[in-house]
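Structure first, then comments.
In this text, all values refer to a predicted model and were calculated from it rather than measured experimentally.
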Amino acid sequence: MIEAASLDSIELLAPLTADQRASLAKQCSWRHFHPQEQVIDRASDSRDVCFIVEGRVRVVNYSLSGREVTFDDVEAGGYLGELSAIDGEARSASIVALSEVMVAFMSPRLFQQVVTQNPIIAWGVMTRLASIVRSATGRIMDLSTLGANNRVHAELLRLAKPTLKSDNTAAISPIPIHSDIAARVSTTRETVARVLGDLSRDKLVVRQDNSLLVRDFARLEEMVEEVRGD
């Protein structure tokens, strides 16, 4: 068992005092994971909440044929697993480490106690769940209404948006792997490669060091919205 570290980097727990976070840290189970190691198996009986203290993880599911479906990546400071801690039901997805990862596992009982005793934290959980629902609704619409090429455009737009600059450029870093994008939008690596090749020839995207630079964010956004009909 790894000695308890600090929960000070966890955004959800920021409203607590340092002493309160230290007390919670001592009540968590701590584990280190290597890249590609499974943090949570969807089939497990665990209902703990996972606080990502260091590293980066991916939320995934697998079809009966073994095809990977990617839902989201979560960086240090985030958390996962609250659904099972809230309703006691089975896990909805698996979690895989993308880098060296340090995780604090908090029991459902303790998580429920923290949430019910701290309205600000309860509001933070509700806000996150609302965000997940909105994101899922958008993805369902994209899968239902957009062709494969357009779904790749939409995913690039989503990845680029947080880094949008005043000069209408945005950088996706690190450069997304074709198979990762394919897993997010339910298509093939070959389709992703072809779409990125087309965007590169049209000078909308360009590789820059370890980033994919979107040179005209507004144009990429227009391409997506024209097809969506928004």
Nearest atoms (heavy-atom pairs only) where [X] meets [Y]:
X    : Y    : answer
R215 : T169 : O-CG2, 3.6 Å
V185 : L143 : O-CD2, 3.7 Å
G124 : Y79  : O-OH, 4.1 Å
W30  : M102 : CE3-CG, 3.9 Å
S84  : E89  : OG-O, 3.0 Å
A93  : V59  : CB-CG1, 3.6 Å

Would you mind reporting whether [Y] and [X] have side-chain heavy atoms less than 4.5 Å apart?
X   : Y    : value
R56 : D73  : yes
P35 : E100 : yes
Q38 : I95  : no
E82 : R47  : no

Counting N and O atoms only, with roles assigned by atom type, does the side chain of [X] sit under 3.5 Å from a partner on the main chain of [Y], one being a donor and the other an acceptor?
X    : Y    : answer
S94  : R42  : yes
S23  : D19  : no
S6   : D8   : yes
D202 : L204 : no

Rounded distance (nearest 0.5 Å) linking atom [atom1] of [X] with atom [atom2] of [Y]:
X    : Y    : atom1 : atom2 : value
L156 : E221 : CG    : CD    : 13.5 Å
H32  : E37  : NE2   : CD    : 8.5 Å
L159 : S173 : CG    : OG    : 11.5 Å

field: Criterion side-chain contact (heavy atoms from CB on, under 4.5 Å) against E155, the qualifying member of I181, V192, V195
entry: I181
message: Under 3.5 Å, is there a donor on one side chain and an acceptor on the other for S211 and D209?
response: no
- prompt: Is there a donor-acceptor contact under 3.5 Å linking the side chains of R151 and S186?
  reply: no
message: With a 4.0 Å cut-off on N to O distance, would you call D180 and R58 a salt bridge?
response: yes
Electrostatic pair D142:R184 at N-O distance under 4.0 angstrom: no
Looking at [X], I want to see if its [atom1] is surrounded by more than 12 non-hydrogen atoms of other residues, nucleotides or ligands under 6.0 Å.
X    : atom1 : value
I177 : CD1   : no
M126 : CE    : yes
R207 : CZ    : no

- line: Contacts of E11 meeting salt bridge (charged side-chain N to carboxylate O under 4.0 Å, His left out) (sequence neighbours excluded), chain-then-number -> none
